Amino acid sequence: HYSLSLTADTISDRDETHHEFKLTLSQIQADMRDVAFYFRRKTGTIKLTDSGLADVLLGGEGLTVTVHLVSADRDRSSVFKVQDVSTSIHTLKFSVRDSKHDTLYKMLGPLATGLVKKQLQKAISGAVRTALEYVDGQLVGVRDQMAEAKASEDKSRRDVLRQQLLQRKQEADKANA
């Protein structure tokens with residue numbers, strides 16, 4: 001399930017347009033088996049190091065990711081800015097095995113679930129932000145090449161786009177080979 005809201009404001013003083021996008025992806029569920037983990041706590045009275053395998057279930061309403069993008073008005077190095085990425089996990093269940101402290105995880109499971117949920121949300125938010133910043137960089141490259149094609153008479157913008165897509169396809173084929 002996903003939703004998209006779009007607002008566009010025109011600033012009449014400077015004749016500029018400002019766009020904002022809010023994208024929500026929800027009900028993303030996952031069942032991950034044999035996830036390797038490593039845990040090291042150096043601070044506090046209890047110092048703990050452990051590693052093992054875990055089975056993780058994102059259930060219920062699953063994972064919800066909300067992304068707020070705004071147009072980069074005067075910044076030529078960007079097409080859009082990622083203003084905010086928020087994630088929430090409705091239900092998280094996990095079981096740990098092949099670790100040094102199996103009984104500890106069984107006893108402290110409910111307390112550990114909150115910590116794992118928070119860390120997972122943070123990691124997913126960071127990954128989504130990084131991916132969108134990469135897409136922004138790619139769009140800047142396409143925009144600049146389109147501007148060059150518009151300025152020169154020997155290349156059409158259609159040819160530039162076709163060349164870009166062909167180059168990306170060749171790179172993908174190389175990676176898959």
Side-chain angles (χ1 to χ4, degrees), residues 1-9 18-44 46-72 75 78-143 164-165 168-169 171-176:
H1 182 261
Y2 63 91
S3 65
L4 174 70
S5 66
L6 166 68
T7 59
D9 299 325
H18 178 78
H19 299 284
E20 292 189 20
F21 297 92
K22 202 171 240 186
L23 176 67
T24 302
L25 304 168
S26 61
Q27 298 181 2
I28 301 169
Q29 298 177 344
D31 187 6
M32 300 173 278
R33 306 277 178 188
D34 300 329
V35 178
F37 73 91
Y38 175 78
F39 178 80
R40 181 177 177 192
R41 180 178 172 166
K42 298 189 294 185
T43 60
I46 299 173
K47 294 178 180 14
L48 182 66
T49 301
D50 200 3
S51 63
L53 297 175
D55 296 331
V56 182
L57 174 69
L58 290 175
E61 292 179 20
L63 170 72
T64 300
V65 179
T66 302
V67 180
H68 188 186
L69 303 173
V70 295
S71 59
D75 185 8
S78 184
V79 174
F80 61 83
K81 299 281 184 199
V82 181
Q83 188 169 11
D84 184 42
V85 177
S86 64
T87 58
S88 67
I89 297 174
H90 183 259
T91 303
L92 175 70
K93 295 180 182 176
F94 69 94
S95 63
V96 176
R97 55 193 161 79
D98 298 337
S99 70
K100 297 176 194 172
H101 307 288
D102 283 336
T103 55
L104 180 66
Y105 291 119
K106 287 185 173 128
M107 289 177 10
L108 299 177
L111 295 174
T113 301
L115 178 67
V116 170
K117 189 186 279 192
K118 191 182 295 185
Q119 290 299 318
L120 194 57
Q121 289 172 346
K122 186 177 175 183
I124 291 169
S125 291
V128 168
R129 182 179 293 274
T130 302
L132 288 171
E133 288 170 352
Y134 174 78
V135 168
D136 179 54
Q138 297 296 312
L139 288 173
V140 168
V142 170
R143 181 194 63 202
Q164 281 273 333
L165 291 174
R168 301 257 191 276
K169 184 178 179 190
E171 289 172 3
D173 290 343
K174 275 185 188 178
N176 290 335

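Note: hydrogens, waters and symmetry copies are ignored here, and every other heavy atom, side chains too, is used. Since this is a predicted model, take the numbers as computed values, not measurements.
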Looking at every heavy atom in both [X] and [Y], which two are closest together, and how far apart are they?
X: Ala72; Y: Ser78; value: CB-O, 3.5 Å
X: Lys42; Y: Lys47; value: O-NZ, 3.4 Å
X: Ser99; Y: Val96; value: OG-CG1, 3.7 Å
X: Thr49; Y: Tyr38; value: CG2-OH, 3.6 Å
X: Lys117; Y: Ile89; value: NZ-O, 3.5 Å

Distance check, rounded to the nearest 0.5 Å: [X] atom [atom1] versus [Y] atom [atom2]?
X: Glu20; Y: Gln83; atom1: CD; atom2: CD; result: 6.0 Å
X: Glu133; Y: Lys81; atom1: CD; atom2: NZ; result: 8.5 Å
X: Leu132; Y: Leu69; atom1: CG; atom2: CG; result: 6.0 Å
X: Gln119; Y: Ile124; atom1: CD; atom2: CD1; result: 11.5 Å
X: Gln27; Y: Thr64; atom1: CD; atom2: OG1; result: 7.5 Å
X: Asp136; Y: Arg143; atom1: CG; atom2: CZ; result: 8.0 Å

Under 3.5 Å donor-acceptor, [X] side chain and [Y] backbone:
X: Ser71; Y: His19; result: yes
X: Asp50; Y: Lys100; result: yes
X: Glu61; Y: Thr91; result: no
X: Thr87; Y: Gln121; result: yes

* Asked: Between Asp34 and Asp55, is a side-chain contact (heavy atoms from CB on, under 4.5 Å) present by the stated rule, with each step listed?
  -> CA-CA 6 Å; Asp34 300 329; Asp55 296 331; 4.0 Å; yes
* Asked: Does atom NZ of Lys174 have more than 12 heavy-atom neighbours, drawn from other residues, nucleotides or ligands, at distances under 6.0 Å?
  -> no
* **Chi angles and distances behind the side-chain contact (heavy atoms from CB on, under 4.5 Å) call for Lys169, Asp173** => CA-CA 6 Å; Lys169 184 178 179 190; Asp173 290 343; 3.9 Å; yes
* Could you give me the CA-CA distance, side-chain angles and deciding distance for Lys118 and Lys122, then say whether side-chain contact (heavy atoms from CB on, under 4.5 Å) is met? => CA-CA 6 Å; Lys118 191 182 295 185; Lys122 186 177 175 183; 5.9 Å; no
* To do: With sequence neighbours left out, write down each residue that passes side chain to side chain contact (heavy atoms under 4.5 Å, CB included) with Ser86, or none if nothing qualifies.
  =>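 Testing Ser86 for side chain to side chain contact (heavy atoms under 4.5 Å, CB included), a comparison that skips the adjacent residues, returns Thr66, Asp84.
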* **Worked verdict on Val35 versus Phe94 for side-chain contact (heavy atoms from CB on, under 4.5 Å)** => CA-CA 10 Å; Val35 178; Phe94 69 94; over 6 Å; no
* Any side-chain heavy-atom pair of Leu58 and Leu120 under 4.5 Å ->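 Yes - at least one pair of side-chain heavy atoms lies under 4.5 Å apart.
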